[in-house]
Amino acid sequence: MTAANSLIVLDFETTGLSPDQGDRAIEIAAVKLQRGQVVDEFQALMNPGRRVNSFIESYTGISNEMLSSAAPCEQVMGEFYQFIGDTPLLAHNASFDMKFLNGEFARIGLSCNSPALCSLLTARRLLPDAPNHKLGTLVDYLGIDHDGQYHRALFDAQMTAQVWLAMLEQIEQAYPDVTPSIELMMALAKRPKKQVPAWLDKQSVVRV
DNA sequence: TGCCAGGCCCTCTTTAGGGCCTT
């Protein structure tokens, strides 16, 4: 990651899978990366205004009691909007998190203009031999030390950041002439999977 | 009671279907 690059790695916990079906965010967390280091964090539970079902309570460990004393979504998302500014974003399966980010922002008249990177799509291209590309599997596959609870937003954001940094390191080791800038990583995620090694080789040649 | 999303990717594809990921 170049010195000029900053990235905000975010993760939502939600009441379900689809904001279009009425699902809401119940927790948002993010870590800010600069020069390959975590330099800032954001974490907040938020009250969606209704009870969450027992599956979500069990899956996330976030109870209705915890949410009853949390700030409303509108307040938390306003604070999060200030936190991210126009920094590029990253999430594991970004299409999911961006749906909720855009949905919650829209409720308070805000919109997000930041580009979004996806560690899931990137991992499918860079780590084709991983058993699967779930976040927890990638953490183990890459040998990342961890001590925390999956399916809580801050821990998942922290692990996503570490997976991302490990993938950047692999590119830098395998392709010494390639700088894995945000622009390059966004382009990489759009390459057909089978073309990725040759494509990265080509980036190297171009840069030399 | 039963059902529930959507984007991406792969292939025995493209006039489609199904698996992977996220909560």
Side-chain angles (χ1 to χ4, degrees), chain A residues 8-31 42-67 70 73 76-77 80 89-107 112 114-142 144 146 148-164 166-167 185-199:
Chain A
I8 286 179
V9 188
L10 66 93
D11 186 71
F12 274 104
E13 304 307 320
T14 71
T15 64
L17 293 173
S18 177
D20 292 338
Q21 300 293 315
D23 287 318
R24 299 294 304 273
I26 58 174
E27 186 180 39
I28 175 70
V31 298
F42 183 103
Q43 184 276 329
L45 291 171
M46 59 187 116
N47 189 335
R50 58 184 171 84
R51 295 180 63 81
V52 300
N53 63 39
S54 59
F55 170 78
I56 294 298
E57 282 191 312
S58 174
Y59 187 77
T60 65
I62 299 170
S63 66
N64 282 293
E65 182 180 4
M66 293 163 68
L67 294 175
C73 296
V76 171
M77 293 309 299
F80 189 66
L89 304 173
L90 165 70
H92 198 67
N93 197 8
S95 65
F96 173 85
D97 290 280
M98 293 306 292
K99 270 192 311 186
F100 279 93
L101 185 73
N102 290 323
E104 294 294 344
F105 275 169
R107 286 174 174 269
C112 174
S114 301
L117 291 152
C118 180
S119 55
L120 168 63
L121 297 182
T122 304
R124 283 175 174 165
R125 286 161 174 78
L126 288 180
L127 307 171
D129 296 329
N132 60 57
H133 298 90
K134 295 177 183 177
L135 179 60
T137 302
L138 293 174
V139 167
D140 291 339
Y141 181 73
L142 292 166
I144 295 168
H146 58 91
Q149 181 185 351
Y150 284 110
H151 309 306
R152 284 302 301 267
L154 182 58
F155 183 71
D156 283 1
Q158 291 168 333
M159 291 300 97
T160 300
Q162 294 307 311
V163 166
W164 186 255
M167 291 194 293
M185 296 302 283
M186 293 196 78
L188 184 149
K190 296 177 182 176
R191 302 303 303 176
K193 191 171 164 182
K194 291 179 179 176
Q195 294 180 11
V196 165
W199 182 79

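Chain letters run A, B, ... following the sequence lines, proteins first, then strands; residues in each count from 1.
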S.K.: Reckon A/K194 has a side-chain N or O less than 4.0 Å from the OP1 or OP2 of B/dT11?
M.R.: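 For A/K194, the contact criterion (side-chain N or O under 4.0 Å from OP1 or OP2 of B/dT11) is met.
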
S.K.: As a test of reading the structure: which of B/dC10, B/dC20, B/dA5 is closest to the side chain of A/Q21, going by heavy atoms?
M.R.: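 Closest of the options to the side chain of A/Q21: B/dA5.
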
S.K.: Check every strand shown and say whether A/N132 touches a base, only sugar-phosphate, or nothing at a heavy-atom separation below 4.0 Å.
M.R.: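 If one applies the 4.0 Å heavy-atom cut-off, A/N132 turns out to touch the sugar-phosphate alone, with no base involved.
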
S.K.: Taking atom CD1 of A/I28 and atom CD of A/Q43, what is their separation to the nearest 0.5 Å?
M.R.: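 Going from the CD1 atom of A/I28 to the CD atom of A/Q43 covers 9.5 Å.
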
S.K.: Does atom NZ of A/K99 have more than 12 heavy-atom neighbours, drawn from other residues, nucleotides or ligands, at distances under 6.0 Å?
M.R.: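 Counting other residues, nucleotides and ligands, NZ of A/K99 exceeds 12 neighbours.
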
S.K.: Could you tell me whether A/D11 contacts a base, only the sugar-phosphate backbone, or nothing, with contacts defined as non-hydrogen atoms closer than 4.0 Å?
M.R.: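 Sugar-phosphate contact only - A/D11 comes under 4.0 Å of backbone atoms but never of a base.
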
S.K.: For B/dC12 versus B/dG17, give the span between their C1' atoms, rounded off to a whole number of Å.
M.R.: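 It works out to 11 Å between them.
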
S.K.: Take the protein atom CD of A/E13 and the nucleotide atom P of B/dT22, then report the distance between them rounded to whole Å.
M.R.: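 These atoms are roughly 11 Å apart.
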
S.K.: Can you tell me the distance, in whole Å, between the CD atom of A/E104 and the C1' atom of B/dT23?
M.R.: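 Value for this atom pair: 13 Å.
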
S.K.: Which part of the nucleic acid, if any, lies within contact of A/I26, taking any heavy atom under 4.0 Å across all strands shown: a base, the sugar-phosphate backbone alone, or nothing?
M.R.: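 No contact.
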
S.K.: Can you find a side chain N or O atom of A/H133 that sits less than 4.0 Å from OP1 or OP2 on B/dC20?
M.R.: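 So the side chain of A/H133 is outside the cut-off, no N or O lying under 4.0 Å from OP1 or OP2 of B/dC20.
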
S.K.: Flag the pair A/P19 / A/E104 as yes when at least one side-chain heavy-atom distance between them is below 4.5 Å, and no otherwise.
M.R.: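 SC-SC contact between A/P19 and A/E104 ruled out.
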
S.K.: Whole angstroms only, please: what is the CG-P distance between A/N93 and B/dT23?
M.R.: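 In whole Å, B/dT23 P lies 8 Å from A/N93 CG.
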
S.K.: By nearest atom, which of the nucleotides B/dT23, B/dC8, B/dG6 is closest to the A/K99 side chain?
M.R.: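 Ranking B/dT23, B/dC8, B/dG6 by closest atom to the A/K99 side chain puts B/dG6 first.
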
S.K.: Whole angstroms only, please: what is the CZ-P distance between A/F55 and B/dC4?
M.R.: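 In whole Å, B/dC4 P lies 16 Å from A/F55 CZ.
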
S.K.: Taking atom C1' in both B/dG6 and B/dT23, compute the distance separating them and give it to the nearest angstrom.
M.R.: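 About 13 Å, rounded to a whole number of Å.
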
S.K.: Among the nucleotides B/dC10, B/dC21, B/dG7, which one has an atom lying closest to any side-chain atom of A/S95?
M.R.: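 From the listed options, B/dG7 comes nearest.
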
S.K.: State, with a plain yes or no, whether a side-chain heavy atom of A/L142 is found less than 4.5 Å away from one of A/V163.
M.R.: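 Heavy-atom side-chain distance check passes, below 4.5 Å.
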
S.K.: When you compare the side chain of A/I62 with that of A/L45, does any pair of heavy atoms fall below 4.5 Å?
M.R.: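 In short, these two side chains touch, coming nearer than 4.5 Å.
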
S.K.: So, does A/T60 use its side chain to make a donor-acceptor pair with the main chain of A/I56 at under 3.5 Å?
M.R.: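 Yes.
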
S.K.: Under 4.0 Å from any atom of DNA chain B, heavy atoms only: list the residues of residues 149-158 of chain A that qualify, in numerical order.
M.R.: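 Hits under 4.0 Å, by residue number: A/H151, A/D156.
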
S.K.: Classify A/T15 by what it touches in the nucleic acid, base, sugar-phosphate, or nothing, heavy-atom distance under 4.0 Å.
M.R.: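 The answer is nothing, as A/T15 stays clear of every strand by at least 4.0 Å.
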
S.K.: Expressed as a whole number of angstroms, how long is the span from A/R191:CZ to B/dC8:P?
M.R.: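 Going from A/R191 (CZ) to B/dC8 (P), I get 16 Å.
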
S.K.: Could you tell me how the ring of A/F100 sits relative to the ring of A/F12: parallel (under 30°), tilted (30 to 60°) or perpendicular (over 60°)?
M.R.: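 Because their plane-to-plane angle lies in the 30° to 60° range, the rings of A/F100 and A/F12 count as tilted.
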
S.K.: Would you say A/D11's side chain and A/A91's backbone share a donor-acceptor pair under 3.5 angstrom?
M.R.: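 No, the answer is negative, given that no donor and acceptor are paired below the 3.5 Å cut-off.
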
S.K.: Which nucleotide in the set B/dC8, B/dT23, B/dA5 lies at the smallest distance from any side-chain heavy atom of A/R124?
M.R.: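 Closest nucleotide among those given: B/dC8.
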
S.K.: Checking all strands, does A/F12 fall into the base, sugar-phosphate, or nothing category for heavy-atom contacts under 4.0 angstrom?
M.R.: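 Sugar-phosphate contact only.
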
S.K.: Name the nucleic acid region contacted by A/I56, choosing base, sugar-phosphate or nothing; use a 4.0 angstrom heavy-atom cut-off, strictly under.
M.R.: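 Counting heavy atoms under 4.0 Å across all strands, the contact made by A/I56 includes a base.
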
S.K.: For the pair A/T160 (side chain) and A/D156 (backbone), establish whether a donor and an acceptor sit closer than 3.5 Å, ignoring hydrogens and angles.
M.R.: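 Yes, A/T160 side chain to A/D156 backbone: donor-acceptor pair under 3.5 Å.
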
S.K.: Between atom CD in A/E27 and atom C1' in B/dT23, what is the gap in whole Å?
M.R.: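 So the CD-C1' distance, A/E27 to B/dT23, works out to 12 Å.
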
S.K.: To the nearest Å, how far apart are A/H92 NE2 and B/dT23 C1'?
M.R.: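 These atoms are roughly 13 Å apart.
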
S.K.: Provide, to the nearest angstrom, the distance between the CG atom belonging to A/L17 and the C1' atom belonging to B/dG7.
M.R.: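 It works out to 13 Å between those atoms.
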
S.K.: Could you give the distance separating B/dT22 and B/dC4 at their C1' atoms, to the nearest angstrom?
M.R.: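 Result for the C1' pair: 16 Å, nearest Å.
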
S.K.: Can you tell me, in whole Å, how much space there is between the C1' of B/dT1 and that of B/dG7?
M.R.: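 Here B/dT1 and B/dG7 have their C1' atoms 30 Å from each other.
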
S.K.: Judged by each residue's nearest nucleotide on DNA chain B, which is more toward the 5′ side, A/K193 or A/G136?
M.R.: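 Nearer the 5' end of the strand: A/K193.
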
S.K.: When the C1' atoms of B/dG18 and B/dT13 are considered, how many whole Å apart are they?
M.R.: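 Taking atom C1' in both B/dG18 and B/dT13, they lie 12 Å apart.
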
